[in-house]
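Notes follow the structure.
Being a predicted model, the structure only gives us computed values, none of them experimental. In what follows, chains are A, B, ... by sequence order, proteins preceding strands, each numbered from 1.
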Amino acid sequence: MSKVMIISEKPTAARKIAMALDEQGSPKETKKEKISYFECYRGGDSLVVVYALGHLYELKQTEKGWNYPKMDMEWVPKYEVDKKATNIKRIIQLISRLSKEIDRFVVATDYDIEGSLIGYLTLKYACKTDPNQAQRMLFSTLTKVELESAFDKVSPTLDFPMIEAGQVRHEIDWLYGINLTRALTLAIKNVSGWFKIVSTGRVQGPSLAFVAERNIDTNLFVPIPFWIINIIGSHDGHEFKIEYQKKRVICKSTADSIVSDLQDKYATVKSVRESIITQPPPVPFNLSGLQTEAYRLFRYKPSKTLAIAQKLYLDALISYPRTNSQKIPKTIDLKAILTGLSSMRSYKGIARQILREELKPVQGERDDPAHPAIHPTGERPTRRLTQTERKLFDLIVKRFFALFGKPSKKASMRVDLECGGHGLFLRGLRIIERGWMEYYSPYAYSKEVIIPVISEDAELQLIHVSADEQYTSPPARYNHSSLLKKLERENLGTKATRSSIIDSLKSRGYTIGDNFELSTLGYAVYETLKQYAPQVLSVDMTRHLELEMEAIQKGVRTRNEVLSKARRDLAIILDDFKSKEEMIGASLINGLRRYWREKEVIGPCPKCEDGTLMIIQSPKTGKRFIGCSNYRDKKCDQTFPLPQKGRIVPLQKECPFCGHQMIKIVSRRTWETCVNWTKCLGRAEDLKVLDKKRRRSGVNNGEWSV
DNA sequence: GCAAGGTC
């Protein structure tokens with residue numbers, strides 16, 4: 001009997017592998033302090049299934065010093081770099097201890113570049129065994145059949161070209177990211193003494209460039225006027241909107257003559273066409289589907305949706321959320337889930353209705369080797385869910401219900417009219433059968449547009465006709481969701497990293513607000529990189545890296561060749577950068593200064609009217625408050641107090657009680673107030689209640705001072 | 001103090 005260690009990438013996979021391979025289908029799980037491993041028996045061998053938690057090791061510079069260039073790095077346990085990664089420390093210690101009595105090592109991480117690298121590094125550094133002696137399980141789904149065959153027909157060696165490609169990906173990203181970030185950061189520090197991290201990288205760079213270029217397009221945009229013809233028609237005592245054949249008329253005189261041609265005339269119905277549109281139910285949620293829908297309905301960022309879903313998963317309310325699948329496999333006990341849901345008051349009705357029929361959920365296209373689509377488990381919440389958790393849970397349940405619905409049916413009607421040589425039309429939409437929309441309520445949307453019953457050759461009176469002047473609008477700025485889609489299209493980053501990389505643009509201060517308006521700092525960073533390191537702003541860097549990785553996997557190029565070339569190219573950039581540090585530093589500092597200034601602006605001063613309210617730090621006490629920009633010239637003494645903790649965001653609205661500027665304070669709790677809260681009658685009442693509560697609970701995170 | 005990539 002030999003002892004075999006199987007290394008998987010994550011806990012859920014390890015459990016499935018152990019279940020599939022154990023002859024009895026009941027592996028023994030040994031658990032201690034939230035981490036575990038599995039033991040099973042197969043063909044006379046004893047198997048130990050352990051798991052990593054994604055990457056256990058990461059790159060770290062070999063030399064000392066926070067400067068650049070730094071061209072040499074090594075793999076170190078993640079907890080050495082990130083002190084909070086204590087679970088990773090325990091995992092490495094566990095694998096290390098268990099590997100001492102092992103005769104044969106089998107890597108069973110995800111069969112992709114990162115997975116192969118995770119397996120390799122774990123063997124080399126945690127098991128301290130020779131990766132050349134290890135074997136590889138190859139599988140694309142975690143089904144019992146496939147896992148058994150992957151183990152019984154195990155590949156005799158690791159896929160070294162794949163591992164090499166993975167290493168190169170890490171190394172190149174590290175080299176460019178770390179060195180260029182330090183070059184930018186130190187240009188500011190060496191010129192001004194200020195320390196502000198100014199980061200960039202293979203994905204951050206192009207992301208900034210997308211936002212910057214869109215911003216420049218927006219600023220250069222010249223609005224062009226056009227006219228829209230508004231027509232109200234009347235038929236049988238009903239009034240309704242009629243559309244002109246052309247959406248936009250580009251010339252005022254034409255628009256005016258159309259109006260005079262139509263005003264108070266009668267239009268003749270030329271044709272009435274009706275068609276039936278059937279819409280099948282929506283497909284099951286995978287993670288990105290859930291994220292898109294939660295953004296559409298609740299404006300939750302993808303990272304927030306994932307965090308909430310993760311919690312619901314840990315509470316056993318929903319299935320594993322990090323899935324790509326849009327399929328509900330047959331193995332899932334739909335009846336049990338629906339029965340479980342029917343015990344909850346708000347889901348009782350629909351769940352019972354669905355249970356009365358044959359359970360055939362709609363399936364989507366996309367699949368995932370390890371997990372089904374996101375669905376409720378039918379369990380009841382054992383604690384009180386927060387409002388956001390409730391909303392997401394409800395969305396997941398309702399979408400699950402919708403899968404069992406019938407297609408919806410809508411009647412679309414188009415009526416074409418003619419009047420004085422002009423074509424006009426009206427369109428209506430009527431829901432005939434709600435179908436699945438009944439189950440997905442209130443999340444399904446469909447606007448009904450009711451138009452009167454009109455027969456051909458009928459005449460409609462045009463009782464109101466006017467031409468409205470409008471202007472073409474600039475290209476829309478990115479928001480979180482459109483920028484995410486852009487990165488997806490360009491194949492930049494991965495589904496796990498894109499969202500947080502987008503967030504970093506904001507947290508670094510490159511963009512302002514939810515609509516990714518470029519800050520002066522973002523502009524300065526973009527311009528600097530464009531001049532001195534244009535590679536890192538371009539998607540070509542990723543395209544090039546992809547090609548190099550492919551070449552390594554085909555065996556036509558070596559990791560060393562790729563790496564030395566990258567080092568040589570980078571050295572030239574960094575050399576140039578350093579020689580122009582003063583100039584680069586000066587322009588970044590200029591952008592940073594202006595960014596800080598614009599961040600401090602609250603709004604116009606209500607007292608002197610030509611000053612600006614700013615957030616000011618008292619040099620004596622170090623406390624912050626709002627003051628007028630004319631204070632320095634002793635022209636205005638307007639001040640308002642501020643809480644000392646939390647981020648201050650000026651809002652685009654005025655206090656309904658006193659008319660002062662409203663602000664939002666974002667700390668552990670987000671709340672809104674007007675700057676005049678001490679004197680504002682409406683606000684003062686709210687805040688007294690808040691203050692009492694706070695004192696009672698003994699928390700003092702909202703210290704106020706003037 | 002920094003990247004991008006896994007995963008909790």
Quiz item: Below 4.0 angstrom from OP1 or OP2 of dC8(B), is there any side-chain N or O of Y320(A)?
Solution: yes
Quiz item: Nearest-Å distance, OH (Y510(A)) to P (dA3(B))?
Solution: 9 Å
Practice problem: Using a 4.0 Å heavy-atom cut-off across all strands, classify G166(A) as base, sugar-phosphate, or nothing. | Solution: nothing
Quiz item: Within this structure, what is the CG-to-C1' distance between L121(A) and dG5(B), rounded to whole angstrom?
Solution: 12 Å
Self-check item: Any T497(A) side-chain nitrogen or oxygen under 4.0 Å from OP1 or OP2 of dG5(B)
Solution: yes
Quiz item: dA4(B) P sits how many Å from N491(A) CG, rounded?
Solution: 15 Å
Quiz prompt | Between CG on residue L184(A) and OH on residue Y68(A), distance to nearest 0.5 Å | solution = 8.5 Å
Self-check item: Whole-Å distance separating the CD1 atom of I92(A) from the C1' atom of dG6(B)
Solution: 13 Å
Quiz prompt | Between P of dG5(B) and CZ of R322(A), the distance in whole Å | solution = 15 Å
Quiz prompt | Closest listed nucleotide, where the reference is the side chain of K10(A) and the choices are dG5(B), dC8(B), dC2(B) | solution = dC8(B)
Practice problem: Output yes when at least one side-chain N/O atom of R508(A) is less than 4.0 Å from OP1 or OP2 of dA3(B), else no. | Solution: yes
Quiz item: Which residues, if any, of residues 174-189 of chain A bring a heavy atom under 4.0 Å of DNA chain B?
Solution: W174(A), G177(A), I178(A), T181(A), R182(A)
Quiz item: Should we say atom CD of Q387(A) is surrounded by more than 12 heavy atoms from elsewhere, each under 6.0 Å from it?
Solution: no
Self-check item: Side-chain N or O of R202(A) closer than 4.0 Å to phosphate OP1/OP2 of dG5(B)
Solution: yes
Quiz item: M549(A) CE to dG5(B) C1': how many Å, rounded?
Solution: 11 Å
Quiz prompt | Rounded interatomic separation in angstrom, taking CG from L59(A) and P from dA4(B) | solution = 14 Å
Exercise. Have a look at K60(A) and say if it touches a base, only the backbone sugar-phosphate, or nothing, with a 4.0 Å heavy-atom cut-off.
Key: nothing
Exercise. Decide whether E58(A) and H170(A) meet the rule of one side-chain donor and one side-chain acceptor closer than 3.5 Å.
Key: no
Quiz item: Expressed in angstrom and rounded to an integer, what is the separation of I7(A) atom CD1 from dT7(B) atom C1'?
Solution: 17 Å
Quiz item: Do any side-chain nitrogens or oxygens of Q310(A) fall under 4.0 Å of OP1 or OP2 in dC8(B)?
Solution: no
Self-check item: Sugar-phosphate only, base, or nothing, as touched by L53(A) at under 4.0 Å among non-hydrogen atoms
Solution: base
Exercise. May I ask you to check whether Q204(A) and S199(A) show a side-chain donor-acceptor distance below 3.5 Å?
Key: yes
Self-check item: Selected nucleotide, minimal atom distance to H55(A) side chain, candidates dA4(B), dG6(B), dC2(B)
Solution: dG6(B)
Quiz item: Looking only at side-chain N and O atoms, does T494(A) come under 4.0 Å of OP1 or OP2 in dG6(B)?
Solution: yes
Quiz prompt | T129(A) side chain vs L123(A) backbone, donor-acceptor pair below 3.5 Å | solution = no
Quiz prompt | Distance-only polar pair, side chains of E29(A) and S36(A), donor-acceptor under 3.5 Å | solution = yes
